[in-house]
Enquirer: 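Could you have a look at this structure, given as C-alpha cells, before my questions?
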Amino acid sequence: MDKVVVGAAIVDGGGRLLAAQRADPPELAGGWEFPGGKVDPGEDDRTALIRECQEELGVMVEAGEQVGGDWPLADGYVLRVWLAEIVEGEPEAKEHLDLRWLARHELYDVPWLPADLPIVRAVQGQLDGG
Ligand code: 9L3
Ligand code: MG
C-alpha cells in the first residue's frame, strides 16, 4: 500500500509562497510546512491535494507542475508536492497555528520542518526557471 502525503506549494500572483505552521503532533508543532496531508485509500494524489487545501485552508486550488518526486518522510511515508494557485477563496488557518505569505527574500524566515526544507529550495529553483 502506498503511504503518500501530498503538499501544496501555493504561490500567489506576486510570487509569494504560502507557509503553514503545524499545530500538531507535539514534536512537529510550531514547524512550518507545505499544507497538505495523507492520501486516502483509493484517492488520486491531485484529488487529495485539492481536498486537503479545502479542509485546511478553505480555498480551492489548481495544481500545476510537481516539485521533484518522492521526498522522504518518517515511518515510510513519502511527500509529493505540487505548485498550486488559489482559484477561489482566501486562505485561513483552519487546522494550522498560523499562515504566512513569504516573499522571495523571506523564504527561510520561518523554521521549516526538516522534511520540507529541501523542497523549499526545489520550489525556489523551479520558480526561477531551473
Ligand atoms: N508532513 C510533512 N510535511 C508536510 C505535510 C503536509 C505533512 N508538508 C508530515 C507530517 C505528518 C504526516 O506528514 O507526520 C502527515 O501529515 P498530516 O496529514 O498530519 O498533515
Ligand atoms: Mg495536514
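Throughout, numbering of the chain's residues begins at 1 and tracks the sequence. Every number for a ligand or one of its atoms is a count from 1 in the order of the listing.
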Enquirer: Find out whether D45 and W82 are in side-chain contact, i.e. whether some heavy atom of one side chain is under 4.5 Å from a heavy atom of the other.
Expert: yes
Enquirer: Sequence neighbours excluded, which residues qualify as salt bridge (Lys or Arg N to Asp or Glu O under 4.0 Å) partners of R22?
Expert: D24, E33
Enquirer: Tell me, please, which residues at least two apart from D109 pass salt bridge (Lys or Arg N to Asp or Glu O under 4.0 Å).
Expert: none
Enquirer: For atom 3 (N) of ligand 1, what's the nearest protein heavy-atom neighbour? Residue, atom name and distance, please.
Expert: D116 OD1, 2.7 Å
Enquirer: Which protein heavy atom lies closest to atom 14 (O) of ligand 1, and at what distance to 0.1 Å?
Expert: L28 CD1, 3.8 Å
Enquirer: Between G36 and ligand 1, is there a nitrogen or oxygen pair with a distance under 3.5 Å?
Expert: yes
Enquirer: Which atom names give the shortest non-hydrogen contact between P118 and P114, and what distance separates them?
Expert: CD-O, 3.2 Å
Enquirer: Numbering the atoms of ligand 1 from 1, which are under 4.0 Å from a heavy atom of K38?
Expert: 15 (C), 18 (O)
Enquirer: For L73, counting its heavy atoms only, list the atoms of ligand 1 lying under 4.0 Å from any of them.
Expert: 2 (C), 13 (O)
Enquirer: Look at atom 16 (O) of ligand 1 and find which of R22, E27, H96 reaches it with the closest heavy atom.
Expert: R22
Enquirer: Sorted by chain and residue number, which protein N/O/S atoms are under 2.8 Å from the Mg ion (ligand 2)?
Expert: G36 O, E56 OE2
Enquirer: I need the atoms of ligand 1 closer than 4.0 Å to a non-hydrogen atom of L79, numbered in the order shown.
Expert: 3 (N), 4 (C), 8 (N)
Enquirer: Tell me if a side-chain donor or acceptor on D12 pairs with a main-chain N or O of G15 at a distance below 3.5 Å.
Expert: yes
Enquirer: Which heavy atom of I10 sits nearest to which heavy atom of W101, and what is that distance?
Expert: O-CZ3, 3.7 Å
Enquirer: Could you establish whether G7 and ligand 1 come within less than 4.0 Å of each other, counting only heavy atoms on the residue side?
Expert: no
Enquirer: Grouping I, L, V, M, F, W and Y whenever their side-chain heavy atoms are under 4.5 Å apart, do I86 and L127 come out in a common cluster?
Expert: no
Enquirer: Side-chain polar contacts of residues 55-68 - donor-acceptor pairs under 3.5 angstrom, sequence neighbours left out - could you list them?
Expert:
residue: E55; atom: OE1; partner: R51; partner atom: NH1; Å: 3.3
residue: E55; atom: OE2; partner: R51; partner atom: NH1; Å: 3.3
residue: E56; atom: OE1; partner: G36; partner atom: N; Å: 3.0
residue: E65; atom: OE1; partner: Q126; partner atom: NE2; Å: 2.9

Enquirer: Below 4.0 angstrom, N of the basic side chain to O of the carboxylate: do R104 and D128 qualify?
Expert: yes
Enquirer: For atom 4 (C) of ligand 1, what's the nearest protein heavy atom and its distance?
Expert: E33 OE1, 3.3 Å
Enquirer: To check you understand the geometry: which heavy-atom pair defines the closest contact between P35 and L18, and what is its length?
Expert: CD-O, 4.2 Å
Enquirer: Tell me, which protein residue and heavy-atom name are nearest atom 12 (C) of ligand 1, and how many Å apart are they?
Expert: V5 CG2, 4.3 Å
Enquirer: Output yes when R80 and D70 qualify as a salt bridge under the 4.0 Å nitrogen-oxygen rule, no when they do not.
Expert: yes
Enquirer: Looking at ligand 1, does any of its N/O atoms fall within less than 3.5 Å of an N/O of F34?
Expert: yes
